[in-house]
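Below is one structure, written out as structure tokens; comments come after it.
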Amino acid sequence: MNPAQLSATVVEALASLVDQGTLVLPDGVPTEVTVERPREASHGDYATNVAMKLAKKAGTNPRALGELLATELRSAAGIAQVDVAGPGFLNVTVAADAQGQVAADILAAGTSYGATASLAGERINLEFVSANPTGPLHIGAVRWAAVGDALGRVFEFCGAEVTREYYFNDHGGQIDRFSRSLLASALGEPAPEDGYGGQYIHDIAAAVVAAHPDAPGLAFEEANEAFRAAGVEMMFDEIKKSLHDFGVDFDVYFHEDNLHKSGAVDRAVARLGELGNTYEQDGALWLATERFGDDKDRVIIKSDGQGAYLSGDLAYYLDKRERGFGRCFIMLGADHHGYVQRLMAMCQAFGDTPHVNLEVLIGQMVNLLQDGAPMRMSKRAGTVVTIDDLVGAIGVDASRYALARYSSDSPIDLDLGLWTSASNENPVYYVQYAHARTCRMIANATDLAMALPGEGFDGSLLDHERDRALLRALADFPAVVSSAAELREPHRIARYLEDTASAFNKWYDTKECRMLPQGDEPVTPTNEARLVLVHATNTVLANGLGLLGVSAPERM
RNA sequence: GCCCCCGUAGCUCAGCUGGAUAGAGCGAGUCACUUCUAAUGACUUGGUCGCAGGUUCGAAUCCUGCCGGGGGUGCCA
């Protein structure tokens, strides 16, 4: 019996009371009720506040409704005990066999345990990272690589069709500074005042020269263009490789230029004009975003006839919608949050619904600590901490886990020492180790020729308090996945895995819950039932780590 | 000025779609290994949930105002 099944059981009991005429619910029977794990162990396995929620509508008081419902529930399958407590909580103890059945259900579901259909039919476009190719990915962009990819995995686990997309622009001021920096390096000159520094500039400049030996000797404009074209391509290849090594691959790399060349910008501007949301003033074309909640209206075509930056985003958004994505996500760093309002206004100007067709997720900054002291970063000096620096220091698994384990609303201070330590102050090892331990136990069981009981499985044998605590944790997984998807918060998966690993370690440490027979004792059905529990734990930890893009090693 | 995020144990943070006595890890202190992998577990220590009001059966959670910290506020990209 998991929380969802208990909710359904309570709903049935309510419906039954209504049929009997002993309960009147003017708004009908709810389709589901809140089921939560009480903090206090003496309050049973689960609690529901349904009596308090419905009492007023039913014209009774919470305690009376609670007693009525408790009586009905006590005869339901899988329920061992129901108490009415406090202001009207129903505390439910699940029957041992029904509780143990959770483990067998997980085993049967296997790699799909925790998957739902809550986002079935949704076509989701996830745009993240989207850094312009002027240098290696820095630590802030890497946060989104980890969180964005994990969120994509969670959405897919909930049945959505997800396209991961990277948007970039290889023209404009940033790129110009990049190419001039390359050229300066090739000519042995100091980097331009507003240019980029760092070893990678020299490396790429040298590579460009190796491929195009005549490039530095060209006239400035031609040389600059040669370094831009070749440098951008090399830089981008490097970024893609770093991301791939990080376990993140994009389905679409979208080039801003396409929007201008294909006429998509003109079409988007025309569409907004038809909808009456643009006007001309001071020689420029403006989008009336203020009427949709923005601070002020925004220029989309500058007075020199060039599209403003926003014009590309307008066209890009429209393009995504025309490609059939009902939900477009854009993930931005906190330094871009000022852009959110105008994006939402733009969405509304197209006649769409903000926060439904378009969602912008904001991630706060990442700071790195070494030996407790912050590492100073400077683009000019080239002391940016890159994705490769991070992975080189702590590895892919720890990097992804560390970046995905915190709410995106919180700035992260990552201590490099902690994430390389091999102890339970390092959460990723704690979870991975628990998984590896289940693998060892399963291998040991195989050596003893222990079999999974299959049809003969008796869930009631898993009735120790530590068995039940572990089963409750395992049963929570689908609800955690759903909430991570709904709230767009993959960090919930990580926190859940730590709790589950802890429940498993406590169970493992309990003498009365040993899975293997001792000495020459024969294998009992209890041992086999515990093997099912270990398998179930293994499944949950592996599925959860998979959602975060972190490996689940069999031994450590 | 306006906008966004944050403020919970000594530290780092969960919890926030309202529920019962507010949690975890680290730190500090004590204990348990002829182990199913001790990369573990048990116990102790530790809180005016920034402040003040409001909403209600019930507020860390929702609303309002303040205080403190961070970020943003271009016809840049």
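All chains are named by letter (A, B, ...) in the order of the sequence lines, taking the proteins before the strands, and each is independently numbered beginning at 1.
- For C63(B) and U17(B), the C1' atoms lie 16 Å apart once the distance is rounded to whole Å.
- When distances are taken from the side chain of M556(A) to each of G19(B), U21(B), A39(B), the shortest belongs to A39(B).
- Comparing the P positions of A22(B) and U64(B) gives an interatomic distance of 27 Å, to the nearest angstrom.
- A distance-only check finds a donor-acceptor pair linking the side chain of N132(A) to the backbone of N169(A) [under 3.5 Å].
- Distance check: E256(A) CD to F168(A) CZ gives 10.0 Å after rounding to the nearest 0.5 Å.
- A salt bridge links E498(A) to R405(A): at least one charged side-chain nitrogen sits closer than 4.0 Å to a carboxylate oxygen.
- Contacts with RNA chain B (heavy atom under 4.0 Å) in residues 469-480 of chain A: none are found.
- Look at CG on D170(A): it is 13 Å from C1' on A77(B), rounded to the nearest Å.
- Between A42(B) and K506(A), a contact under 4.0 Å exists linking OP1 or OP2 to a side-chain N or O.
- In summary, K320(A) and E127(A) engage in a salt bridge, as defined by a charged side-chain N under 4.0 Å from a carboxylate O.
- At a cut-off of 3.5 Å, with distance as the only test, no side-chain donor of D409(A) or Q364(A) sits close to an acceptor on the other residue.
- Comparing atom distances between the R39(A) side chain and each of G23(B), G15(B), G19(B) picks out G23(B) as nearest.
- Summarising the geometry, the separation between CG on L487(A) and C1' on A14(B) is reported as 14 Å, rounded to the nearest angstrom.
- Across the C1' atoms, A9(B) and U44(B) are found 15 Å apart, a figure rounded to whole Å.
- Across all strands, P62(A) comes closer than 4.0 Å to no nucleic acid atom at all (heavy-atom distances).
- Atoms CD (E498(A)) and P (G25(B)) sit 10 Å apart, rounded to a whole Å.
- Candidate nucleotides A77(B), G41(B), A20(B) were compared by shortest atom distance to the side chain of N505(A), and G41(B) ranks first.
- Nucleotide G18(B) forms a pair with no other nucleotide shown, judged by Watson-Crick or G-U wobble geometry with both contacts under 3.5 Å.
- For M441(A) and U40(B), the CE to P distance is 16 Å, given to the nearest whole Å.
- When the C1' atom is compared between U55(B) and U40(B), the two are found 47 Å apart, to the nearest whole Å.
- Side-chain polar atoms of Y279(A) and D297(A) form a donor-acceptor pair below 3.5 angstrom.
- Of the candidate nucleotides C57(B), G41(B), U17(B), U17(B) has the atom nearest to the side chain of S483(A).
- Taking for each of G173(A) and F89(A) the nucleotide of RNA chain B with the nearest heavy atom, the 5'-most of the two is the partner of F89(A).
- Comparing the P positions of U21(B) and C3(B) gives an interatomic distance of 37 Å, to the nearest angstrom.
- Aromatic ring centres of Y167(A) and Y253(A): separated by at least 6.0 Å.
- When distances run from any side-chain atom of Y406(A) to the nucleotides G41(B), G19(B), A14(B), the shortest one goes to A14(B).
- Comparing G15(B) with U61(B), their P atoms are spaced 15 Å from each other, to the whole Å.
- R228(A) forms no cation-pi arrangement with F178(A), by the criterion of a distance under 6.0 Å to the ring centre and an angle within 45° of the ring axis.
- Taking atom C1' in both G50(B) and G69(B), one finds a spacing of 11 Å when rounded to whole Å.
- Nucleotides G65(B) and C5(B) place their P atoms 14 Å apart, quoted to the nearest Å.
- For D409(A), whose side chain is taken as the heavy atoms from C-beta onward, the closest listed nucleotide among U40(B), A20(B), C6(B) is C6(B).
- Taking atom CD of E36(A) as the reference point, atom C1' of G15(B) lies 12 Å away to the nearest angstrom.
- Among the nucleotides C6(B), G15(B), A14(B), the one closest to the side chain of R495(A) is A14(B).
- Using N1 to N3 plus N6-O4 or O6-N4 for Watson-Crick, or N1-O2 and O6-N3 for G-U wobble, each under 3.5 Å, A39(B) pairs with nothing.
- Nearest-nucleotide mapping onto RNA chain B: of E256(A) and Y46(A), the residue sitting toward the 5' end is Y46(A).
- Closest approach to the S410(A) side chain among G19(B), C13(B), U40(B) is made by C13(B) (side chain taken as heavy atoms from C-beta onward).
- Backbone-only engagement by K56(A) is indicated by non-hydrogen atom pairs under 4.0 Å involving sugar-phosphate atoms exclusively.
- In this structure, the CG atom of D413(A) is 8 Å from the C1' atom of U12(B), given to the nearest Å.
- Across the protein-nucleic acid pair, E290(A) atom CD and C3(B) atom P stand 14 Å apart, rounded to whole Å.
- Side-chain contact of Y46(A) with N91(A): a donor-acceptor pair under 3.5 Å is absent, judged by distance alone.
- C66(B) and G50(B) make up a base pair, with Watson-Crick or G-U wobble contacts both under 3.5 Å.
- Evaluation of the side chain to side chain donor-acceptor pair (under 3.5 Å) test over residues 475-494 of chain A, restricted to residues two or more places apart or in two chains, returns R37(A)-D476(A), E359(A)-R488(A), E489(A)-R492(A).
- The residue R555(A) sits close to a base: some heavy atom pair falls under 4.0 Å.
- No hydrogens or angles were tested; on distance alone, a donor-acceptor pair under 3.5 Å links the side chain of N91(A) to the base of A20(B).
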Could you go over nucleotides 72-76 of chain B and give all protein N or O partners under 3.5 Å, atom names and distances?
residue : atom : partner : partner atom : Å
C75(B)  : O2   : S303(A) : N            : 3.1
C75(B)  : O2   : S303(A) : OG           : 3.2
C75(B)  : N4   : D282(A) : O            : 3.4

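- To the nearest angstrom, C1' of A14(B) lies 14 Å from CD1 of I412(A).
- Using a 4.0 Å heavy-atom distance criterion, Q518(A) is classed as making no nucleic acid contact.
- Two residues are said to be in side-chain contact when any heavy atoms from C-beta on lie closer than 4.5 Å; T438(A) and H535(A) fail this criterion.
- The partner of C26(B) is G10(B), judged by Watson-Crick or G-U wobble contacts that both fall below 3.5 Å.
- Salt bridge status for E32(A) with K53(A): absent, with no side-chain N to carboxylate O gap under 4.0 Å.
- A436(A) comes within contact range of at least one nucleobase, with a heavy-atom separation under 4.0 Å.
- No aromatic stack links Y508(A) and the base of G41(B), using centre distance under 5.5 Å and interplanar angle under 30°.
- Side-chain proximity of M52(A) to the nucleotides G19(B), A20(B), A77(B) is greatest for G19(B).
- D499(A) has no carboxylate O lying under 4.0 Å from a charged side-chain N of R495(A), or vice versa, which leaves the two without a salt bridge.
- Pair check for A59(B) finds none; no Watson-Crick or G-U wobble contact set falls under 3.5 Å.
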